[in-house]
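Please read the structure below before turning to the comments.
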Amino acid sequence: MGLLDAILGRSKPVRPDLDQLFAVPSAALTLQAAAGFTPTGLGSVCFAGVEGGGFARLQEDVRELLDADTERGGIPVEFSRDAYGYTWLLARHPADDSAALVNDLHAVNTLLQDGGFGPHLLCSLIGFRDPEGRALALVYLYKRGTFYPFAPLPGDAEKRDNQLELQVRGVLGDDLRVEKDLSRWFPVWGAPGL
């Protein structure tokens, strides 16, 4: 960062740290003990699609890598597009194996990043539920290298449980690098894995 950047108040962008994802399994234990939320075994990666053969081949590489265990009972990954044109990859694992889920999400992020498509990565999320059936996601912001909780209220209305999100922030502050800027806690309505 140069002197001009300091004078104008610009800050150096945070470099993505995909290894932060590996903190999720221990954070899941903390979340279960403190708030009663357990992993669902569902996780997803969101990225902006790119036209072209290179990106299509990379998507197939991701599918081949993550579907390698389907002959042994693994569940194939699913690709979908949302209303905004973003592509979502949904991975499924047994609910008690959040480490395997995180490994898959990390692999997808790494393949896209190493393939030159890092700027197209938006977020990854890991789903949780409590005994009452409330949904919660830990969302990893690729470009910020931070997490935030997203807790949609049940029903059709797009409303969030802000109190629960703030509670989870307090619970996981020692386990995860939580995004401090609340304006960056974007809703991910209808995200696969929630």
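One-based numbering along the sequence shown.
For residues 30-45, there are no salt bridge (charged side-chain N to carboxylate O under 4.0 Å, His left out) pairs, not counting sequence neighbours. Residue pairs meeting the salt bridge (charged side-chain N to carboxylate O under 4.0 Å, His left out) criterion with at least one partner in residues 27-44, sequence neighbours excluded, do not occur; the list is empty. Listed by first then second residue, pairs satisfying salt bridge (charged side-chain N to carboxylate O under 4.0 Å, His left out) with a partner in residues 180-194 read D181-R184, not counting sequence neighbours.
Within the 4.5 Å cutoff, side-chain heavy atoms of F150 are placed close to those of R160. At least one side-chain heavy atom of N109 sits under 4.5 Å from a side-chain heavy atom of L121.
Judged as a side-chain hydrogen bond (donor to acceptor under 3.5 Å, both in side chains), and not counting sequence neighbours, D96 has no contacts. By the side chain to side chain contact (heavy atoms under 4.5 Å, CB included) test, P119 pairs with no residue at all, sequence neighbours left out.
Annotation for P149 and R169: closest pair CG-N, 4.2 Å, computed over non-hydrogen atoms. Counting all heavy atoms, side chain and backbone alike, L164 lies closest to A151 at CD2-CB, 3.7 Å.
Atom CG of D19 sits in a crowded spot, with more than 12 heavy atoms from other residues, nucleotides or ligands closer than 6.0 Å.
Note: Q163 CD to Q167 CD = 7.0 Å, rounded to the nearest 0.5 Å.
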Distance-only donor-acceptor hits, side chain of residues 22-37, under 3.5 Å, sequence neighbours excluded:
unit_1: S26; atom_1: OG; unit_2: A23; atom_2: O; d: 3.2
unit_1: T30; atom_1: OG1; unit_2: S26; atom_2: O; d: 3.4
unit_1: T30; atom_1: OG1; unit_2: D175; atom_2: OD1; d: 3.3
unit_1: T30; atom_1: OG1; unit_2: D175; atom_2: OD2; d: 3.2

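The aromatic rings of F47 and F79 lie perpendicular to each other, with more than 60° between the two planes, well past the 30° mark.
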